[in-house]
Amino acid sequence: MTTVGVPAGWPATEEEARAVQDRLRARVVLDEPGPPPGTGHVTGVDVAYDDERDLVAAAAVVLDAATLEVVAETTAVGRISFPYVPGLLAFREIPTVRAALDALPCPPGLVVCDGYGLAHPRRFGLASHLGVLTGLPTIGVAKNPFTFTYDDPGPARGSAAPLLAGTEEVGSALRTRDGVKPVFVSVGHRVSLGNALAHTMALTPEYRLPETTRRADALCRRALQDATTRQAPTS
DNA sequence: GCGACAG
DNA sequence: ATCTTGTCGC
């Protein structure tokens, strides 16, 4: 487990944070297909918080894309770097997530984020931001439609419908389980929407949420517990 | 001005 | 995100 502080020069106000997004947005790459689904590595990242103790724990879990077996996993703990503000989630999650990614012993391949990429008020959500900073291909898979609208996809797993910001398509509502609420997929960096959807399908053979985020979610919660409890770690 | 709003 | 018991079902 790595320990991280808030990076020097990290935005302190919402105004500064929005300015950073407006500046970095130009560096997002949207014309690459990204890694083919089912090959190489796929890495899930997620974060858990303890606002009381000003603690944040992140986890990165690398899966073999073909078998979905765990190849490697890391955690990082730090101080909360930004309050939760809708549209500025990346400033709260990225420092600790980066530390976890940096600690991995192998290349992460495609990174799957718990949240949005292009589907964002300024078209620069967590997944896009993390992609630009790391250079890695990223996608976002969110559990809620945020401020966007969509027509309900068909009831069968694999059905998808456009996720809309007004008339602009910013992602897809994708049904990953028959008759269950869809997830909301958007492109982050260096991946096409079609490939993002295919990856999400490959990562959901059994549950609504991708194995990557399920594994990362469980691990960062454990890491936060261990950091809070300060007792014998589970592993 | 008011309400809504990824995690 | 997080606060939180039992409960229905495979």
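Computed from a predicted model, the values in this text were never measured in an experiment. Per chain, numbering begins at 1; letters A, B, ... match sequence-line order. Atom set for the values below is all heavy atoms of this structure, side chains included, hydrogens, waters and symmetry mates excluded.
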(request) Begin from the C-alpha positions of A:Val62 and A:Thr43 and carry the test side chain to side chain contact (heavy atoms under 4.5 Å, CB included) through to its verdict. (result) CA-CA 4 Å; A:Val62 183; A:Thr43 297; 3.4 Å; yes
(request) Test side chain to side chain contact (heavy atoms under 4.5 Å, CB included) on A:Glu169 and A:Leu163 and set out the steps. (result) CA-CA 6 Å; A:Glu169 182 166 356; A:Leu163 186 65; 6.0 Å; no
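Residues forming a ring pair (Phe, Tyr, Trp, His ring centres under 6.0 Å) with A:Phe148 (at least two apart in sequence, or on another chain): A:Tyr116, A:Phe146. With sequence neighbours excluded, no residue forms a side-chain hydrogen bond (donor to acceptor under 3.5 Å, both in side chains) with A:Arg208.
Contact annotation: the side chain of A:Val170 never approaches that of A:Leu164 to less than 4.5 Å [non-hydrogen atoms, C-beta and beyond].
Within the structure, every pair that satisfies the salt bridge (charged side-chain N to carboxylate O under 4.0 Å, His left out) test and touches residues 100-129 of chain A, not counting sequence neighbours, is listed here: A:Asp114-A:Lys143, A:Arg123-A:Glu168. A salt bridge (charged side-chain N to carboxylate O under 4.0 Å, His left out) check over residues 82-100 of chain A, counting only residues at least two apart or in different chains, returns the pairs A:Asp51-A:Arg92. Sorted by first and then second residue, the pairs that involve residues 55-83 of chain A and meet side-chain hydrogen bond (donor to acceptor under 3.5 Å, both in side chains), not counting sequence neighbours, are A:Asp54-A:Arg79. The salt bridge (charged side-chain N to carboxylate O under 4.0 Å, His left out) analysis of residues 147-160 of chain A, with sequence neighbours excluded, yields the pairs A:Asp152-A:Arg175.
Reading DNA chain B from its 5' end, the first and the last nucleotide to sit under 4.0 Å from a heavy atom of chain A are B:dC5 to B:dG7.
Across all strands, A:Leu88 comes closer than 4.0 Å to base atoms (heavy-atom distances). Note on A:Gly87: a base of the nucleic acid sits closer than 4.0 angstrom, heavy atoms only.
A salt bridge does not link A:Asp226 to A:Arg222: none of the charged side-chain nitrogens sits closer than 4.0 Å to a carboxylate oxygen.
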(message) Reading 5' to 3' and counting Watson-Crick or G-U wobble pairs with both distances under 3.5 Å, write the dot-bracket notation for DNA chain C, | for bases paired outside the strand.
(response) ..........
(message) Please convert DNA chain B into dot-bracket. A pair counts if it is Watson-Crick or G-U wobble with both distances under 3.5 Å; crossing pairs go in [ ] and bases paired with another strand get |.
(response) .......
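Taking atom CD of A:Glu206 as the reference point, atom P of C:dC10 lies 15 Å away to the nearest angstrom.
A:Leu55 forms part of a hydrophobic cluster together with A:Met1, A:Val77, A:Leu224, judged by ILVMFWY side-chain heavy-atom separations under 4.5 Å.
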Please tabulate, for side-chain N and O atoms in residues 182-195 of chain A, each donor-acceptor pair with protein atoms closer than 3.5 Å (sequence neighbours left out).
unit_1	atom_1	unit_2	atom_2	d
A:Ser186	OG	A:Gly117	N	2.8
A:His189	ND1	A:Val29	N	3.0
A:Arg190	NE	A:Glu32	OE1	3.0
A:Arg190	NH1	A:Gly135	O	2.5
A:Arg190	NH2	A:Glu32	OE1	3.4
A:Ser192	OG	A:Asn195	N	3.2
A:Asn195	ND2	A:Pro33	O	2.7

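Listed here is the closest heavy atom pair of A:Leu136 and A:Gly109: CD2-O, 4.3 Å.
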Using a cutoff of under 3.5 Å, can you pull out all pairs of nitrogen or oxygen atoms linking the protein to nucleotides 1-9 of chain C, with atom names and distances?
unit_1	atom_1	unit_2	atom_2	d
C:dA1	OP1	A:Arg221	NH2	3.4
C:dA1	OP2	A:Lys143	NZ	3.1

